[in-house]
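Predicted model only: the values in this text are computed from it and were never measured. Throughout, a chain's letter reflects where its sequence line sits, starting with A, and its residues are numbered from 1.
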Number of protein chains: 2
Amino acid sequence: MSSQTASTPGCPIDGLLQIVGDRWSLLILRDAFYGVRRFDGFQQHLGISKKILAQRLRSLTEAGIFNRVMYQERPQRFEYRLAARGLDTFPVLLSMSRWGTRWLSEPGKEWLQLRHTGCGEIIEAQLVCSHCGERLTPARVKPLAGPGAESKDIESLARAIRKTSS
Amino acid sequence: MSSQTASTPGCPIDGLLQIVGDRWSLLILRDAFYGVRRFDGFQQHLGISKKILAQRLRSLTEAGIFNRVMYQERPQRFEYRLAARGLDTFPVLLSMSRWGTRWLSEPGKEWLQLRHTGCGEIIEAQLVCSHCGERLTPARVKPLAGPGAESKDIESLARAIRKTSS
DNA sequence: TTAGCAGGTTACAAAAAGAAACCAATAATT
DNA sequence: AATTATTGGTTTCTTTTTGTAACCTGCTAA
């Protein structure tokens, strides 16, 4: 996304997509969680062009997802480490991984498994309510306009939905 | 993504990105969760070009995310309803929304709030272990090659990571 | 001395996205 | 009866974004 304008300014999903909503950023982020840190590591593992990789690492660094830290002087060399904002995308990646495993691989032939070192088991990520701990489903989560929303945002969405029930 | 080849075949994250890894699909999906169902609704709310919208709805339908259901004969009209695979992306969208709200809006000025009808509270989505219920953090979740992974996948990742510790 | 590596940049070609006009089937309006 | 509106697109053309391949810089190793 990098240089686009948001189609729905203010929306948190759109906001994140402005940062990672292109073909590569989330794969770069995934590799970073695997432990990849250097330009060459990303480049070889992903098969991404150097030009695009350089662009993405720069924009992700500007967005605060990565810290670019020097690990060697003469010649200067940098590596890309997940910053707080980057680390906090973990639930997004884990949710994506869960979906892909569930719908794209046959049971017993998963490509990736996750072991929780807390309980030692192979697990699935599960999304629950921060307040009561119940599992969250679309039917039981109601989106509401927050204090920062503008009335035009709500009206334009309402118009788009109204088309459905007419 | 639609017509690309996966850079890391087998990876569940890459698999999902093949389906929704472009600038618009996740926004279309978000609107679908809001209740938008028709071509015009998506088009007006998102400000997406009709060409791209038609392409995306077609590819998302082919991928099993949407069902294209006729709601009127003469003239034939279709609407796009979330299929099981589409509904199951809810955790991804919710995780994205949580990230965006946390990092892109000021406290007290959130654009979006989520009310859980189970407990009635304004909540945050939280990712927990399906086995023990503990909150999942990057440090405590270890990715392992599953039974469907090929050794070359693992080796190429190992090489990319090794660059880090050399 | 030559080769190699890490981390890029540059120039150019190919692919994707966007804008705007158009179309088809029908219904509503004048 | 003719005109206009609505929904759900397609077509054509232009602009942007990606990708490819060659090149560069500063150093190290053989």
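Within the structure, a side-chain polar atom (N or O) of B:Y80 is placed less than 4.0 Å from OP1 or OP2 of D:dG9. The side chain of B:Y71 contributes an N or O atom lying less than 4.0 Å from OP1 or OP2 of D:dG8. Phosphate proximity of C:dG7 to A:R37: absent, as no side-chain N or O sits under 4.0 Å from OP1 or OP2. Between A:R38 and the phosphate of C:dG8, there is no side-chain N or O to OP1/OP2 separation shorter than 4.0 Å. Taking only side-chain nitrogens and oxygens, A:R56 comes nearer than 4.0 Å to OP1 or OP2 of D:dT18. A:W24 has no side-chain polar atom (N or O) that falls below the 4.0 Å cut-off from OP1 or OP2 of D:dT18. For D:dG9, one of the phosphate oxygens OP1 or OP2 lies less than 4.0 angstrom from a side-chain nitrogen or oxygen of B:R68.
At least one test fails for B:R56 against the ring of B:F42: distance under 6.0 Å to the centre or angle within 45° of the axis.
Rounded to whole Å, the distance from CE on B:M70 to C1' on D:dG8 is 13 Å. For the pair A:R58 CZ and C:dG8 C1', the computed distance is 9 Å after rounding to whole Å. Protein atom CD1 of A:I48 is 7 Å distant from nucleotide atom P of D:dG19, rounded to whole Å. The CD atom of B:Q72 sits 19 Å away from the P atom of C:dA24 (whole-angstrom rounding). A straight line from CZ of A:R159 to C1' of D:dT6 spans 16 Å, rounded to a whole angstrom. Remark: P of D:dT17 and CG of B:D22 are 15 Å apart, rounded to the nearest angstrom. Distance B:I28 CD1 to C:dA17 C1': 13 Å, rounded to the nearest Å. Taking atom CD of B:E73 as the reference point, atom P of C:dA27 lies 12 Å away to the nearest angstrom.
Of all the heavy atoms in B:F66 and B:L57, the pair that sits closest is CE1-CD2, 4.2 Å. Taking all atoms of both residues into account, the shortest heavy-atom contact from B:S97 to A:P12 is O-CB, 3.4 Å.
One finds the CZ atom of A:R102 at 4.5 Å from the CD atom of A:E124 (value rounded to the nearest 0.5 Å).
Listed by first and then second residue, the side chain to side chain donor-acceptor pair (under 3.5 Å) pairs that reach into residues 138-151 of chain B are B:E134-B:R140, B:E150-B:K152, sequence neighbours excluded. A salt bridge (Lys or Arg N to Asp or Glu O under 4.0 Å) check over residues 40-52 of chain A, counting only residues at least two apart or in different chains, returns the pairs A:D40-B:K163. Pairs passing the ring-ring contact (aromatic ring centres under 6.0 Å, His included) check and including a residue from residues 72-93 of chain B, sequence neighbours excluded, read B:F33-B:F90.
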Identify all pairs in which a protein N or O lies below 3.5 Å from an N or O of nucleotides 21-30 of chain D, and state each distance.
{"unit_1": "D:dG26", "atom_1": "N2", "unit_2": "A:R77", "atom_2": "NH2", "d": "3.1"}

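Not counting sequence neighbours, the partners of B:A145 by the side chain to side chain contact (heavy atoms under 4.5 Å, CB included) test are B:A149, B:I154.
In this structure, of D:dG9, C:dA17, C:dG18, it is C:dA17 that holds the atom nearest to the side chain of B:Q55. Of the candidates D:dG9, D:dG8, C:dA6, the closest approach to any side-chain atom of A:D40 belongs to C:dA6.
A:L94 is not connected to B:V128 by any chain of hydrophobic side-chain contacts under 4.5 Å among Ile, Leu, Val, Met, Phe, Trp and Tyr, and they are in different clusters.
Over its length, the helix from C:dT1-D:dA30 to C:dT30-D:dA1 turns its helix axis by 10°, as judged from the five terminal pairs at each end, rounded to 10°.
Two residues are said to be in side-chain contact when any heavy atoms from C-beta on lie closer than 4.5 Å; B:L112 and A:C11 fail this criterion.
In this structure, A:F42 reaches neither bases nor backbone, as no heavy-atom distance under 4.0 Å exists between it and the strands shown.
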